[in-house]
Peer 1: 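Dropping the structure in here first, questions after.
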2 protein chains.
Amino acid sequence: MRFTAKIRPKCSECPIRHRAVCARCDDGELAMLEGIKVYRSFAAGDPILRRGDPLTYVASVVHGVATLNKTMEDGRTQMVGMLFPSDFIGRPGRVEIDFDVVAVTDVTLCCFQRRPFERLIATTPHIAQRLLEISLDELDAARDWMVLLGRKTAREKIATFVHMLVRRQSVVGSLGDGAPLILPLTRDEIASYIGLTLETVSRQLNAMKKEGILRFTDRRRFEIADLTALHIATGDDEEGAPAYC
Amino acid sequence: MRFTAKIRPKCSECPIRHRAVCARCDDGELAMLEGIKVYRSFAAGDPILRRGDPLTYVASVVHGVATLNKTMEDGRTQMVGMLFPSDFIGRPGRVEIDFDVVAVTDVTLCCFQRRPFERLIATTPHIAQRLLEISLDELDAARDWMVLLGRKTAREKIATFVHMLVRRQSVVGSLGDGAPLILPLTRDEIASYIGLTLETVSRQLNAMKKEGILRFTDRRRFEIADLTALHIATGDDEEGAPAYC
DNA sequence: CGCATGATTTGATCTGCATCAAGGAAATTA
DNA sequence: TAATTTCCTTGATGCAGATCAAATCATGCG
């Protein structure tokens, strides 16, 4: 169930104003973006874009979480990205995308028609610069994820995934031991993201519960009981804010 | 053994002129780039940049092949990219890189000091646009590689890797059955790129030789005896120019 | 409420690839 | 040309995680 809102919330009050593609815009540039933007909402489970769809618009995630999924001929799937608020969907200069974008929670997007948006980035350097920055950050994150997929053990994969959630969900908010977190994905979806099966995900998650690293209040809600142990379990070296944050 | 050439070959005669970061530049913009560029050469095996190095310059690959490598605390490594002529190294706006860049063949780079280059992209939209395009292409390629690492079998991984080589090495040139190709990486390096061990790489490569899909003239030189079979072995669907090309 | 449906857990077994081990072939150096 | 080193092949064995199979739990619905 998707709808296009008639209203256009003010950019100046937007929760992602300082992190999204518009982050660097001055008032004039923001006004131009504001002129072509449209909000769209998607319910949890809805497809946002399907592979091969004409890419008529690009967008920023305002609320909620979406995933990018690739599917092989025979049905095997690999999630290739998770989008949180301020992340960008679509790419100027391309007419279609080659993966599916799915809303895993209720999602609100701030959409721009691709053509007008392309014209805008050709003329307003601040948007193009920010978009380049965002793309390069995503590229770094993708490369970190390649290490996870290619070299990490099941346990390290789970720990890294949870650690990533901690960082992304507490961009603002009290991090540290004891923060309440939400698992936006099912076991199956997690498995798809980290290159495992749902059974292995379940087993590893429960193992970390028994070890006292995680504490579940619910199947979807949990807290980090021991952040240090979690970090050690990721197999990554010393702090140093990995790119997938 | 690395040296910085005193000479600056003319951009207008550059083999990557129409594909590199300068592809969209007009004569004036090209002149500005030409003013700050310096060629550097590296011998096969040389490190080009080390993790944590200050990123004093960015560059385009002119000749040769380089790899991007990530290393975990305990020594496990994952190659996260292969750079061919016209590919770009480094990112404006970041002071250091978090992986190693290594020349796997003799390599020539066209280097730009990072600061002047950043100033250039802030003012010449054609460079920024092309850089965005290149980055987004790399992001697509990284995502395709995530599918390979997370979901493909050893055989599919090898086939996909070889298929990628075919495409990248015959950007210009007679593709199709029977084109002579070079394996720029050792078995160990291939293993690092596709998330396997060198033994498995060796076995799969020999299996494809026995099946008549590949024909080796040498350990490093081979031809595709059956391109269709190779493509089927990748596990990818119908043609459709994957992003890692 | 009782049932249906989908998500999760848990157990048993299997297997693809890693790991361990040992030669052989090429390239490099002396 | 021998000696060294690096790269590659091939075989034997082991194991992490996949696959197969059943409960159990949760949630929505009539």
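Small disclaimer: the values here were computed from a predicted structure and weren't measured. So you know, we letter chains A, B, ... as the sequences are listed, proteins then strands, and number each from 1.
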Peer 1: Angle class for the B/Phe161/B/Tyr193 ring planes (parallel below 30°, perpendicular above 60°, tilted otherwise)?
Peer 2: perpendicular
Peer 1: Provide, to the nearest angstrom, the distance between the CZ atom belonging to A/Phe216 and the P atom belonging to C/dA7.
Peer 2: 17 Å
Peer 1: Send over the distance from B/Arg219 CZ to C/dA27 C1', rounded to a whole Å.
Peer 2: 10 Å
Peer 1: Calculate the interatomic distance between A/Leu183 atom CG and C/dA7 atom P; express it in whole Å.
Peer 2: 14 Å
Peer 1: How many whole angstroms separate atom CG of A/Leu185 from atom P of C/dT8?
Peer 2: 10 Å
Peer 1: Using the rule given for side chain to side chain contact (heavy atoms under 4.5 Å, CB included), can you reason through A/Phe88 versus A/Leu83, listing the C-alpha separation, both sets of side-chain angles and the distance that settles it, and then say yes or no?
Peer 2: CA-CA 8 Å; A/Phe88 189 77; A/Leu83 303 180; over 6 Å; no
Peer 1: Salt bridge between A/Asp137 and B/Arg94, side-chain N to carboxylate O under 4.0 Å?
Peer 2: yes
Peer 1: Within the 4.0 Å limit for protein heavy atoms, which parts of nucleotides 12-21 of chain C are touched? Write it as a string from 5' to 3', B for base, S for sugar-phosphate only, - for none.
Peer 2: B----SSBB-
Peer 1: Just how far, in rounded Å, is P of C/dT9 from CE of A/Met208?
Peer 2: 14 Å
Peer 1: For A/Asp218 and C/dT9, give me the distance from atom CG to atom C1', rounded to whole Å.
Peer 2: 15 Å
Peer 1: Can you confirm if the NZ or CZ of A/Arg19 lies within 45° of the ring axis of A/Phe84 and under 6.0 Å from the centre of its six-membered ring?
Peer 2: no
Peer 1: Hey, are A/Arg143 and A/Glu138 close enough for a salt bridge, meaning a charged N less than 4.0 Å from a carboxylate O?
Peer 2: no
Peer 1: Does the Lys NZ or Arg CZ of A/Arg50 fall within the cation-pi geometry relative to A/Phe99 - under 6.0 Å from the ring centre and within 45° of the axis?
Peer 2: no
Peer 1: Taking CZ from B/Arg221 and P from C/dA27, how many angstroms apart are they, rounded to a whole number?
Peer 2: 12 Å
Peer 1: Students should find this one: the first and last nucleotides of DNA chain D, 5' to 3', lying under 4.0 Å from a heavy atom of chain A. What are they?
Peer 2: D/dG17 to D/dA26
